[in-house]
Amino acid sequence: MVNIQSRNLTSLNGKWRVILDPTGNGDSKQVWQEKQPQNKTDFVEYSFEGGPELQVPGDFNSQMCELTWFEGTVWYKKAFDYKVQEAKRVFLYFGAVNYLADVYLNGEKIGSHEGGFTPFQFEITGKVKDGGNSLIVKVDNRRVKNGLPGLGYDWMNYGGITRDVDIVETNKTYIEDYLIQLKKGSLDTVLGSVRLNGTQAGQNIEIQIPELGISYKTGTNDNGLASIGFSSTFDLWSPESPKLYKVIIKSETDSVTDNIGFRSIEVQENKVLLNKKPIFLKAVNIHEENPYKRARAYSLDDDKLLLNSAKELGCNLVRLAHYPHNENMVKEAEKMGLMVWSEIPVYQHIEFADSVVPRKMENMLQEMIRRDKNRCGVVIWNLSNETYPSTPNRTDALVALTQTCRELDSTRLISHVINTQGYQNNTVDVWNPLYKYSDLVAINEYIGWYLPWQGKPSETKWKLVYPDKPVFVSEFGGEAKYGSNDGPNDVAAYWAEGYQENIYKDQIEMFNTIPNLCGVCPWLLFDYRSLGRMNQMYQNGYNRKGLLSENGEKKKAWYIMNEYYKKK
Ligand code: GCB
């Protein structure tokens, strides 16, 4: 895999021709061969010519009214010119395609990918031609029973080539990967690695951080791998001072530049410590949707809209739910001083009994970590959300995944989000086998919305199975339609702003009762599209738990949360 950071990219973004294929016939007709009739008696029953065009990147649902609710196959085609350079290797990079992608170049299949939210690439050296080329991508966003996510989820299934497509050129031996982050628990020692790909495996390597006068030299072994370790005095990255340094990674045949920050994140004595100091995580949940465009967010402008609102709310962390968001989102959050919670779509209805599921989870985890492991802003890898019941299949698979995650990256916190805690006699009973393996006890609870309060919020009792771990309320809230007023005599009614506001007031009272509370995270920033939400009066295909409406209007609960964060 090429790390595309700072490389010269040839963008294939723009208009692509498409064939909509709701019947799934394109495979049997072998659409990717792009046969052209040679004479009038040649029968070819497909053609990209004459068909519609779609913008890439972008979800297809928001681009054509025929596709609004579509879950199925769309064939995409891009014709492009290319100049082959003998000395170069060439890769075709996709930021993300939701959900399955089959990729064909000049009539030949070059690969497939499963998973809607992580990047993938194929080497096309020797396959891309001098002059005209034709790239065809079959995109299928149908829900898959043994997919991630599975069949049921509470967000809009935006399909298509939703992120950038680029051609990346490298030298014959190139810097395939690097890790440059502080060692776990250290404020001054960098521990990492550089990996080369190509025939010239043994090379001199230099890491430069000009601002700090660092020029660290090492070399790769016969497998192209070098370990890195050096110390310095860094201006540490934090929400108040999100300092990033220009870092240059050089080999004899390649050079890559990145902007990297240095910080430590750990859990000690029931607390989350950032740079060795306790920090309260003032978070908000965000879906990757531009509410104004009613479309999948992908551009820097989309990302800024979401992140600026999180900042305005008073947050220092964003939970990017429920899948890895686009890379700009993570980079921009880091620049703005927002810590990032990143997660894979292991969400609710996962088919753990199917033996392919653990492999898929691990692939996605690797792809997420691979992309963002140098982003110091990312402080938490979350590996699952609301997986129940606690069957042995589920627990074994997620414990194994946690171990893999620790092997891939031991520097960040790891969590699993649970929502099956008990709640009786005003006592919350927090347990789950996965908490043993998590750094945080992350709880989703919707008291006041899906279930009634059982006593005064300020008198809530807590039974914690791991009293030595920090507790994070990763979701809470309730729905309100902006502008919907309370019932007669000011009695707040379901869906009214006042009702949601009361939930927030009660929740905040309850937060004071939670031992080891290290942060809270309302569900969520903006109202968002979710077709399973069927109350036509108030929801109409929207989950209305936003603190902001889909038009950006602030609901009453926004102000309650904003005040809470100001005081924290
Ligand atoms: C949850 C899920 C979140 C849902 C939310 C809700 O527990 O994690 O994805 O959308 O509840 O609105 O019910």
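Counting starts at 1 for both ligands and their atoms, in listed order.
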[X] heavy atoms, cut-off 4.0 Å: which ligand 1 atoms fall inside?
| X | value |
| --- | --- |
| Lys545 | 6 (C), 12 (O), 13 (O) |
| Asn444 | 7 (O), 8 (O) |
| Tyr528 | 10 (O) |
| Tyr347 | 2 (C), 3 (C), 4 (C), 8 (O), 9 (O) |
| Arg533 | 6 (C), 12 (O), 13 (O) |
| Asn385 | 8 (O) |
| Tyr450 | 6 (C), 12 (O), 13 (O) |

Can you tell me which residue and heavy atom of the protein come closest to [atom], and the distance to 0.1 Å?
| atom | answer |
| --- | --- |
| atom 5 (C) of ligand 1 | Tyr446 OH, 3.3 Å |
| atom 7 (O) of ligand 1 | Glu386 OE2, 2.3 Å |
| atom 10 (O) of ligand 1 | Asp154 OD2, 2.3 Å |

For a quick check under 3.5 Å, do [X] and [Y] share a side-chain donor-acceptor pair by atom type?
| X | Y | result |
| --- | --- | --- |
| Tyr450 | Asn419 | no |
| Arg296 | Thr162 | no |
| Tyr158 | Glu289 | yes |
| Ser299 | Asp301 | no |
| Asn98 | Asn157 | yes |

From atom 1 (C) of ligand 1, work out which of Glu445, His322, Glu475 has a heavy atom at the shortest distance.
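Considering heavy atoms of Glu445, His322, Glu475, the nearest to atom 1 (C) of ligand 1 sits in Glu475.
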* To do: Could you tell me whether Asn543 approaches ligand 1 through its side chain, its backbone, both or neither, with non-hydrogen atoms closer than 4.0 Å?
  =>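 It is the side chain that gets close, since no backbone atom is under 4.0 Å.
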- Task: Show your working on salt bridge (charged side-chain N to carboxylate O under 4.0 Å, His left out) between Glu343 and Arg319 and close with a plain yes or no.
- Result: CA-CA 8 Å; Glu343 66 189 43; Arg319 177 179 177 210; 2.9 Å; yes
Requested in this report: Please say whether the positively charged group of Arg143, taken as NZ for Lys or CZ for Arg, lies over the ring of Tyr153, i.e. under 6.0 angstrom from the six-membered ring centre and within 45 degrees of the axis.
Outcome: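 Judged by the rule, Arg143 and Tyr153 form a cation-pi pair.
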With respect to His287, determine whether any N or O atom, backbone or side chain, lies less than 3.5 Å from an N or O atom of ligand 1.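 In fact, backbone or side chain, His287 has no N or O that close.
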Report task. Run the numbers on Asn270 and Tyr466 for side chain to side chain donor-acceptor pair (under 3.5 Å), then give the verdict. Result -> CA-CA 10 Å; Asn270 315 335; Tyr466 288 106; over 6 Å; no
Q) Would you find a donor on one side and an acceptor on the other, under 3.5 Å apart, between the side chain of Asn326 and the backbone of Met329? A)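 Yes; at least one donor-acceptor contact below 3.5 Å.
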